[in-house]
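Working notes, beginning with the structure itself.
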Amino acid sequence: MWLKEFGGPEVLVAGEAPDPAAGPGQAVVDVAFANITFIETRFRATGDGPFKAQPPMILGNGVGGVVAAVGDGVDPGLVGKRVVTGTGGSGGYAERVAVDAAGLYVVPDALEMDTAVALLADGRTAMLQLRAGAPRAGERVLVEAAAGGVGTLLVQLAKAAGATVVAAAGGPRKLEVARELGADETVDYLKPDWTEHLDGVDVVFDGVGGAVARAAFRLLRPGGRMVSYGLASGEWADVSEEEAAERGVTLVKPQVTPELLRESTESALAEAAAGRLRPLIGQRFPLERAADAHAAIEARATVGKTLLEVR
């Protein structure tokens, strides 16, 4: 699926591309599922984001499938293995990709491929946020966007840590999803007074930013922590260190290193394989309907993770 120009979802169009070959240190993966992230929809629309490529290009930064070939310097035993991997920022909305073999994660036998792909980006993100916020047994934790890809995982992880989980999401359907995943309380943040009847919290996992994040910040008790990782509203929280210090709370930034990214990804896959973590795959679209998938995400009509089915 090619991105020929920045704009609405309709700028994603099907087309052909040369078959990739495995260069030194690379592997070619026959893709079964491609992951979609919110940041990809923003990049498609405006060109803003962490990706350096410019149209024409193929979007997609996370895939899962079977290793078809490897290049020089790569273990030939990887051929035929089920793997998930990042693409380096582009190329994932395709039937076949060439990737850095060092970035492959072999999928545990007990895990379905779609589950593993749903965990690739969101699983490590959730694990990193959990490590940063460090909720403890007995604390109250507010999870924003609790029915989203990362939010659904944070609800489960915070609950497993012994916290009381308050799930904030938009609308009855999404609140029901959060309750099914173990949230103790739910609140609809589409209502202007959504924080007025909530008790204070000790940790805020902020995946929305904007006005929602600023309202959640005001719920923090002294000694509380706020971890911001997303901007579903289109803007970051815009809470200053000075404001946090005045309230006696901390704005926590996750530590991110290549080692921690690998450890967090492997941990998420292992927890899912053991049955202790379940990503919610709310929508699946065939590859050629990537534009419809982007439109659904932008319309806030999705729950959990959205995947493209390639094979």
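Taking every heavy atom of both residues into account, Ala27 and Val67 meet most closely at CB-CG1, 4.3 Å. Contact between Ala121 and Asn35 at its shortest, heavy atoms only, is CB-ND2, 3.5 Å. Between Met127 and Leu157, the shortest heavy-atom contact is CE-CD2, 4.0 Å. In this structure, Glu309 and Phe33 approach most closely via the heavy-atom pair CG-CE2, 3.6 Å. Nearest approach of Val187 to Trp194, heavy atoms of both residues: CG2-O, 3.3 Å. The shortest non-hydrogen separation linking Ala178 to Thr186 is CB-CG2, 4.3 Å.
Applying the salt bridge (charged side-chain N to carboxylate O under 4.0 Å, His left out) test to pairs two or more places apart or on separate chains, none has a residue in residues 76-90. Pairs passing the salt bridge (charged side-chain N to carboxylate O under 4.0 Å, His left out) check and including a residue from residues 150-172, sequence neighbours excluded, read Lys159-Asp184.
Following chains of ILVMFWY side-chain contacts shorter than 4.5 Å, one cannot reach Leu181 starting from Leu175, and the two form parts of different hydrophobic clusters. A continuous path of Ile, Leu, Val, Met, Phe, Trp and Tyr side chains, each step under 4.5 Å between heavy atoms, connects Val165 with Leu154, placing both in one hydrophobic cluster. Connection of Val249 to Val212 is established within a shared hydrophobic cluster, with ILVMFWY side chains joined at heavy-atom distances below 4.5 Å, either directly or through further cluster members. No path of Ile, Leu, Val, Met, Phe, Trp and Tyr side chains, each step under 4.5 Å between heavy atoms, connects Ile36 with Val150, placing them in separate hydrophobic clusters. Phe51 and Leu231 sit in two unconnected hydrophobic clusters of ILVMFWY residues. Membership requires side-chain heavy atoms under 4.5 Å apart, directly or through other members.
A donor-acceptor pair under 3.5 Å is absent between the side-chain atoms of Asn61 and the main chain of Gly86, judged by distance alone. In this structure a side-chain-to-backbone donor-acceptor pair under 3.5 Å is missing from Arg214 to Val239. Between the side chain of Thr41 and the backbone N or O of His294 there is no donor-acceptor pair closer than 3.5 Å. Checking side-chain atoms of Arg225 against main-chain N and O of Gly133 turns up a donor-acceptor pair under 3.5 Å. When atom types are taken as modelled, the side chain of Arg247 and the backbone of Arg218 share a donor-acceptor pair closer than 3.5 angstrom. Here the side chain of Thr87 pairs a donor or acceptor atom with the backbone of Gly60 at under 3.5 angstrom. The closest donor-acceptor contact from the side chain of Ser267 to the backbone of Glu263 lies at 3.5 Å or more, if one exists at all. Side-chain atoms of Glu271 do not come within 3.5 Å of backbone N or O of Leu277 as any donor-acceptor pair. Side chain of Arg311 to main chain of Asp30: no donor-acceptor pair is present (N/O by atom type, distance under 3.5 Å, no hydrogens or angles). Listed for the Arg44 side chain is a donor-acceptor partner under 3.5 Å among the backbone atoms of Gly7.
For the pair Leu128 and Leu261, the minimum side-chain heavy-atom distance is below 4.5 Å. Taking the side chain as every heavy atom from C-beta outward, Leu130 and Pro135 approach each other to under 4.5 Å. Counting only heavy atoms from C-beta outward, the side chains of Pro254 and Gln129 approach each other to under 4.5 Å. The side-chain heavy atoms of Met57 and Ser90, taken from C-beta on, include a pair separated by under 4.5 Å. Side-chain atoms of Glu180 and Leu280, non-hydrogen and from C-beta on, never get closer than 4.5 Å to each other. For the pair Phe38 and Ile297, the minimum side-chain heavy-atom distance is below 4.5 Å.
Within a 6.0 Å radius of CZ in Arg278, other residues, nucleotides and ligands contribute 12 heavy atoms or fewer. Environment of CD in Glu112: sparse, with no more than 12 heavy atoms of neighbouring residues, nucleotides or ligands closer than 6.0 Å. Residue Asp19 qualifies as enclosed at atom CG: its count of foreign heavy atoms under 6.0 Å is above 12.
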Note to self: I'd like to know whether Thr265 forms a side-chain contact (heavy atoms from CB on, under 4.5 Å) with Leu120, so could you lay out the CA-CA distance, the side-chain angles of the two residues, the decisive distance to 0.1 Å, and finally the verdict.
What the structure shows: CA-CA 6 Å; Thr265 305; Leu120 177 62; 4.1 Å; yes
Next item on the list: Quick one: do Met113 and Val84 satisfy side-chain contact (heavy atoms from CB on, under 4.5 Å)? Show the steps, please.
Entry: CA-CA 8 Å; Met113 179 61 72; Val84 290; 4.2 Å; yes
Margin query: Go through it in stages, so that I can follow the logic: the residues are Leu220 and Val201, the test is side-chain contact (heavy atoms from CB on, under 4.5 Å), and I'd like the CA-CA distance, side-chain angles, deciding distance and then a yes or no.
Written below: CA-CA 5 Å; Leu220 281 169; Val201 298; 4.1 Å; yes
Next item on the list: List the steps, then state whether side-chain contact (heavy atoms from CB on, under 4.5 Å) holds for Glu185 with Leu198.
Entry: CA-CA 9 Å; Glu185 302 174 34; Leu198 284 180; 4.0 Å; yes
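Electrostatic pairing of Arg173 and Glu176 does not count as a salt bridge here, judged by no charged N lying under 4.0 Å from a carboxylate O.
Taking OH of Tyr93 as the reference point, atom CH2 of Trp2 lies at 14.5 Å (rounded to 0.5 Å). Summarising the geometry, atom CG belonging to Leu3 is positioned 8.0 Å from atom CD belonging to Glu5; distances are rounded to the nearest 0.5 Å. Taking NZ of Lys4 as the reference point, atom CG of Leu12 lies at 11.0 Å (rounded to 0.5 Å). With values rounded to the nearest 0.5 angstrom, Thr152 atom OG1 is found 7.0 Å from Asp122 atom CG. Atoms CG and CD, from Leu251 and Glu242 in turn, are 9.5 Å apart once rounded to the nearest 0.5 Å. We find the CG-CD1 distance between Leu59 and Ile39 to be 11.5 Å, quoted to the nearest 0.5 Å.
Partners of Tyr229 by ring pair (Phe, Tyr, Trp, His ring centres under 6.0 Å), not counting sequence neighbours: none found.
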